[in-house]
Amino acid sequence: MKPVIFIPCDAAALAVGADRVASSIAETLAARRLDAEIVRNGSRGLHWLEPMVEVRTDHGRVAYGPVKPSDVKSLFDAGFLEGAEHPLFLGKTRDLPFLKKQTRLTFARCGVTDPLSVSDYRRYKGLRGLENAIAMQGAEIVQVVTDSGLRGRGGAGFPTGIKWETVRKAAGAQKYVVCNADEGDSGTFADRMIMEGDPFVLIEGMAIAGLATGATRGYIYTRSEYPHAIATMRKAIEVARGEGILGPSVLGSGQAFDMEMRVGAGAYVCGEETSMLNSLEGKRGVVRAKPPVPALEGLFGCPTVVNNVLSLASIPLILDRGADYYRDFGIGKSRGTMPIQLAGNIKHGGLFETSFGITLNELIYDIGGGTASGRPVKAVQVGGPLGAYFPTSHFDIPFDYEAFTANNGLIGHAGIVVFDDTADMMKQARFAFEFCALESCGKCTPCRIGAVRGAEVIDRIASGASVSEQTTLLDDLCNTMRLGSLCALGGFTPYPVSSALSHFPEDFGPRPQSQTQPAEAAE
Ligand SMILES: Cc1cc2nc3c(=O)[nH]c(=O)nc-3n(C[C@H](O)[C@H](O)[C@H](O)COP(=O)(O)O)c2cc1C
Ligand code: SF4
């Protein structure tokens with residue numbers, strides 16, 4: 001069998017030289033007159049091993065990494081085309097502990113297939129969900145999604161089936177499916193990995209959403225900072241159109257669905273669904289008051305499904321294997337699996353998909369290997385810049401929407417950013433206000449003004465001025481923002497601030513003059 005060499009074309013691998021490794025391997029093959037196929041796959045999500053090169057041999061795929069161009073000669077000399085030993089040899093890919101411990105449902109194909117090959121996609125069970133959906137009525141498709149227990153993976157955890165049913169029942173000659181691929185949360189990259197590594201699963205999920213709700217047009221909204229994802233998605237949409245997966249008659253069903261990519265400038269608030277819809281319509285990305293909800297009056301005033309990439313990418317498997325199969329994973333009201341993203345100061349960062357219910361202890365220590373710096377973990381922030389900071393004493397919390405809410409936190413898009421004991425939690429709290437002040441759309445006062453005042457209060461604490469009064473004021477301000485903000489940007493900024501204050505009170509106090517920052521910096 002001709003060897004196949006897999007070299008990721010995911011942005012994380014490209015950033016550490018995957019293209020140069022690919023060129024060097026191609027040149028060596030030519031120079032040594034060796035016959036092997038090169039496939040540019042997505043990433044397996046073991047980021048500390050990127051570029052991780054795999055070779056398909058007679059006894060399965062074996063992995064090497066992290067590979068530099070200067071390693072290529074010695075890899076060939078050692079016989080890596082036959083899966084031979086080498087200092088970078090990692091063993092059989094499927095036996096790598098980081099992969100073996102996962103339950104890959106949404107990411108089943110990511111890193112395995114050629115992202116732009118429909119035949120590869122079909123070989124790995126692609127399009128079965130769409131074929132099943134075509135044989136069903138819209139209401140039946142929605143029922144399967146509802147029964148699966150799938151909740152929105154973009155942040156709010158809203159049941160996907162209920163949203164789809166609202167759009168399905170809404171009157172309207174034109175309906176839309178909008179995929180939220182803005183992915184602004186710190187430490188998150190799962191949406192990008194799907195778009196670069198398995199774009200057809202997103203296209204298939206959106207087409208099923210169209211069949212279920214009567215929407216005939218779809219948009220994927222992402223940010224300009226994702227050039228590789230944009231290019232791959234655009235090519236995949238073209239290929240899907242050519243194969244009849246998109247177009248006037250989806251896979252010959254007689255039902256139309258087509259889609260396109262739209263690129264925003266990268267404002268965090270444009271991930272908020274109504275702000276995103278404004279941006280898609282060519283307007284400024286300002287939050288709209290709700291009601292009406294987008295499911296009834298969304299894009300251009302029409303009924304619109306707005307879902308995150310991961311929510312939509314989970315749909316094909318649910319329609320293929322059935323609601324019960326998916327629902328059997330997870331705990332409580334958190335069903336299925338979650339692609340968790342380990343980032344920040346962590347030894348083994350990357351994408352780890354697993355059933356809900358895993359603890360932070362398992363994620364940070366057993367899977368992530370502790371900090372990259374080797375110092376003790378001080379805190380993790382879960383759920384992006386508006387998520388709470390958890391101290392190690394809270395690491396037994398299971399990954400579950402309700403358990404996180406009960407601990408004043410949120411799962412959000414499941415990004416976990418790790419900090420070691422050198423982190424200054426008062427600085428982190430100030431950063432939350434700075435971030436909110438910079439990213440606020442300006443529509444409501446608690447967020448627009450509150451964030452600036454918050455940074456000022458922290459600066460006064462740092463300068464030693466009436467610390468206890470200022471701390472009370474900070475608490476008051478957090479309550480005002482929480483209760484009075486129009487959207488979660490202002491409403492959730494208190495989470496990182498209050499959690500930093502309550503779990504790490506010792507970090508809040510006077511600092512030497514040189515360590516304080518002028519309040520204007522946040523304005
Ligand atoms: C400030 C802010 C930023 C957000 N950013 C994103 C984002 O980048 N991606 C996303 O899917 N949802 C984001 N959301 C949540 C969306 O408003 C919305 O709930 C989500 O796209 C719905 O899809 P889902 O039900 O599949 O999660 C954000 C919300 C807020 C308030
Ligand atoms: S909370 Fe902030 S981002 Fe949200 S509507 Fe108000 S000003 Fe805009």
Side-chain angles (χ1 to χ4, degrees), residues 106 145 150-164 166-167 177-192 194-195 202 205-206 209 219-223 225-226 264 266-280 284-290 293-295 298 304-315 336 338-339 341 383-387 401 410-415 432-433 435-452 454 480-495:
T106 310
V145 174
L150 177 68
R151 293 167 70 173
R153 305 299 193 224
F158 187 81
T160 306
I162 295 179
K163 191 181 282 186
W164 285 24
T166 311
V167 177
V177 177
V178 174
C179 170
N180 191 343
D182 199 50
E183 195 158 62
D185 280 359
S186 36
T188 62
F189 40 80
D191 295 352
R192 180 186 59 67
I194 283 287
M195 291 191 284
L202 179 55
M206 289 179 71
Y219 293 94
I220 300 174
Y221 182 91
T222 195
R223 49 185 51 238
E225 289 104 323
Y226 276 3
Y268 183 70
V269 77
C270 282
E272 192 284 333
E273 56 185 4
T274 62
S275 189
M276 177 186 65
L277 294 174
N278 273 339
S279 176
L280 262 178
R284 219 181 117 212
V286 175
V287 173
R288 299 178 186 170
K290 287 192 265 190
V293 291
T304 305
V305 170
V306 178
N307 272 136
N308 175 253
V309 172
L310 301 181
S311 317
L312 290 160
S314 305
I315 296 289
M338 189 75 203
Q341 299 127 88
L386 314 176
Y401 290 105
L410 53 118
I411 283 181
H413 191 44
F433 282 129
F435 180 81
C436 182
L438 279 170
E439 298 291 339
S440 168
C441 82
K443 183 149 175 165
C444 69
T445 316
C447 166
R448 187 184 67 244
I449 306 291
V452 179
T480 307
M481 289 180 72
R482 193 167 15 236
L483 300 172
S485 297
L486 182 59
C487 85
L489 207 168
F492 284 14
T493 293
Y495 276 107

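The first residue in the sequence is number 1, and the count goes up from there. Read the numbers this way: they start at 1 and go in the same order the structure lists the ligands and their atoms.
Near Gly490, meaning under 4.0 Å from any of its heavy atoms, are these atoms of ligand 2: 1 (S). Every atom of ligand 1 is numbered from 1 in the order shown, and the set under 4.0 Å from a heavy atom of Ala488 is 31 (C). For ligand 2, the atoms sitting less than 4.0 Å from at least one non-hydrogen atom of Ser485 are 1 (S), numbered in the order shown with element in parentheses. Proximity to Ser311 (heavy-atom distance under 4.0 Å) selects the following atoms of ligand 1: 24 (P), 26 (O). Against a heavy-atom cut-off of under 4.0 Å, Val269 is close to the following atoms of ligand 2: 3 (S). Applying the 4.0 Å criterion to heavy atoms of Glu273 picks out, from ligand 1, the atoms 16 (C), 17 (O), 18 (C). Close approach to Gly442 involves these atoms of ligand 2, each under 4.0 Å from a residue heavy atom: 7 (S), 8 (Fe). For ligand 1, the atoms closer than 4.0 angstrom to any heavy atom of Asp182 are 8 (O). Atoms of ligand 1 lying under 4.0 Å from at least one heavy atom of Gly184, given by number and element, are 8 (O). Each of the atoms 26 (O), 27 (O) of ligand 1 lies under 4.0 Å from some heavy atom of Arg153.
From the protein, the heavy atom lying nearest to atom 22 (C) of ligand 1 is Lys163 NZ, 3.4 Å. Among all non-hydrogen protein atoms, the one lying nearest atom 27 (O) of ligand 1 is Gly154 N, 2.7 Å. Regarding atom 4 (Fe) of ligand 2, its nearest protein heavy-atom neighbour is Cys487 SG, 2.4 Å. Regarding atom 11 (O) of ligand 1, its nearest protein heavy-atom neighbour is Asn308 ND2, 2.8 Å. In this structure, the protein non-hydrogen atom closest to atom 6 (Fe) of ligand 2 is Cys444 SG, 2.2 Å. Of the protein's heavy atoms, Gly271 O, 3.4 Å lies nearest to atom 28 (C) of ligand 1. Annotation: atom 2 (Fe) of ligand 2 to nearest protein heavy atom, Cys447 SG, 2.3 Å. What sits closest to atom 20 (C) of ligand 1 on the protein, heavy atoms only, is Asn180 ND2, 4.1 Å. The protein heavy atom nearest to atom 8 (O) of ligand 1 is Glu183 N, 3.0 Å.
For Glu273 (side chain) and Asn180 (main-chain N/O), no donor-acceptor pair under 3.5 Å exists by modelled atom type. Judged purely by atom type and a 3.5 angstrom limit, Thr188 has no side-chain atom pairing as donor or acceptor with the backbone of Gly415. A donor-acceptor distance shorter than 3.5 angstrom exists from the side chain of Arg153 to the backbone of Arg151, with no hydrogens or angles considered.
At a threshold of 4.5 Å between non-hydrogen side-chain atoms, the residues Cys436 and Met481 count as touching. Trp164 places a side-chain heavy atom less than 4.5 Å from the side chain of Ile315. Looking only at side-chain heavy atoms (C-beta outward), Val167 and Thr304 stay at 4.5 Å or farther from each other. Between Tyr219 and Met276 the shortest side-chain heavy-atom distance does not fall below 4.5 Å.
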Show your reasoning for whether side-chain contact (heavy atoms from CB on, under 4.5 Å) applies to Leu202 and Cys179. CA-CA 9 Å; Leu202 179 55; Cys179 170; 3.8 Å; yes

Given side-chain contact (heavy atoms from CB on, under 4.5 Å), test Met195 with Ile220 step by step and report yes or no. CA-CA 10 Å; Met195 291 191 284; Ile220 300 174; 4.2 Å; yes

Give the C-alpha distance, both sets of side-chain angles, the deciding distance and a yes or no for side-chain contact (heavy atoms from CB on, under 4.5 Å) between Leu310 and His413. CA-CA 9 Å; Leu310 301 181; His413 191 44; 3.4 Å; yes

What verdict does the side-chain contact (heavy atoms from CB on, under 4.5 Å) test give for Glu272 and Leu489, after you've listed the backbone C-alpha separation in whole Å, the side-chain angles of each residue and the deciding distance to 0.1 Å? CA-CA 8 Å; Glu272 192 284 333; Leu489 207 168; over 6 Å; no

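Atom 24 (P) of ligand 1 has its nearest heavy-atom neighbour, among Gly152, Ala181, Ser440, Gly155, in Gly152.
Between Ser485 and Pro446, the closest heavy-atom pair is OG-CB, 3.8 Å.
Rounding to the nearest 0.5 angstrom, the gap separating the CZ atom in Phe158 from the OH atom in Tyr401 is 12.5 Å.
Taking 2.8 Å as the criterion, Cys441 counts as a coordinating residue of atom 8 (Fe) of ligand 2, since one of its N, O or S atoms falls below it.
Side-chain atoms of Asp185 and Tyr268 form a donor-acceptor pair, as typed in the model, at a separation below 3.5 Å.
By the 3.5 Å distance cut-off applied to N or O atoms, Tyr268 is not counted among the residues near ligand 1. Of the N or O atoms in Val269, none lie within a sub-3.5 Å distance of an N or O in ligand 1.
If you look at Glu272 next to ligand 1, the close heavy atoms, those under 4.0 Å, come from the backbone and the side chain alike.
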